[in-house]
Enquirer: 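Let me give you the structure first, and then I'll get to my questions.
Atoms within a ligand are numbered from 1 in the order they appear, just like the ligands themselves.
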Amino acid sequence: MVMLEVVHVTKRYRKVLANDDINLTIEDGRIGVLLGPNGAGKSTIIKCIMGFLKYQGQIQVNGLENKSIEAKKIMGYIPEIPSLYPNLTVDEHMEFIARAYKLKDYKAYKDALLERFDLTDKKKKFGDELSKGMQQKLSICCGLLPRPRLVLFDEPMIGLDPHAIKELKKVFEELRDSGCMVLVSTHMIDSMEELWDTTYIIKQGRVAAVVERENLKDNNKSLEDIFFEITE
Ligand code: ATP
């Protein structure tokens, strides 16, 4: 079933054409990657999907208009730069999310997430007392707590240590295997390894190529070959 449908989305910031007629279709149980150099427009399309920006075109999430409350309830977003509350502790951030989403029976899952990302002994630390990597990990935990059915990660590996990267990759697989849809933006070709199903190569605001893993096997090219052919 189609979980995310982006149709002819164009976004301008004054004179800058950040997204130029973007189309994406991703089903549940699939991992999509937005791969492109700095400034290609990856963060912008993610923010359009999340409904944070005004744009031209249509975006549907599980058949719902992306800016509707019903759509927002099933969407998770982990921004490129964590945006935490300096005066809330790690645990209070999670409680805040739980209350905002009116979650029930979340305590065990909350603790499991914090444990998984090595934050159990940091529960009492305030947002502004966390290192960059710890902030990123808490941001991931906050994004996952409401158990979203589609999750958008904007450059999620930056600043994470190898242990956290490994854990995050397991999270991607678990989300996919449980029927969620995952969309990850990155400028590092190898960072998603074998994890992706569809890679959208983004160049100057456009989808320059759509690479399906199934099709890659047939022609003897790697994702890297295709990426450099298109972007160089
Ligand atoms: P990176 O890998 O560096 O994060 P990106 O692919 O996510 O890059 P975007 O952040 O979407 O790229 O930026 C796309 C284009 O839009 C760039 O030219 C950027 O300078 C421009 N842009 C982004 N945000 C704004 C803004 N708030 N105002 C004006 N221009 C912007």
Enquirer: Using 4.0 Å as the upper bound for N to carboxylate O, is an ion pair formed by E115 and K123?
Expert: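 Salt bridge: no.
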
Enquirer: Can K73 and E70 be counted as an ion pair, charged N to O under 4.0 angstrom?
Expert: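 Salt bridge: yes.
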
Enquirer: Is it the case that the side chain of D21 and the backbone of R206 share a donor-acceptor pair, with hydrogens and angles ignored and the cut-off at 3.5 Å?
Expert: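 Answer holds: no.
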
Enquirer: Taking the basic N atoms (NZ, or NE/NH1/NH2) and the acidic carboxylate oxygens, is any pair closer than 4.0 Å for E80 and K47?
Expert: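 Here E80 does not pair with K47 in a salt bridge, since their nearest N and O are not under 4.0 Å apart.
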
Enquirer: Answer yes when K137 and E167 have at least one side-chain N-carboxylate O distance shorter than 4.0 Å, and no when they do not.
Expert: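 Here K137 does not pair with E167 in a salt bridge, since their nearest N and O are not under 4.0 Å apart.
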
Enquirer: Taking the side chain from R213 and the backbone from E194, do they hold a donor-acceptor pair closer than 3.5 Å?
Expert: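 Such a contact is found between R213 side chain and E194 backbone.
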
Enquirer: Collect the protein residues that have a non-hydrogen atom under 4.0 Å from ligand 1 and hand them over in chain and number order.
Expert: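 Those residues closer than 4.0 Å to ligand 1 by some heavy atom are Y13, V16, A18, P37, N38, G39, A40, G41, K42, S43, T44, E80, E155.
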
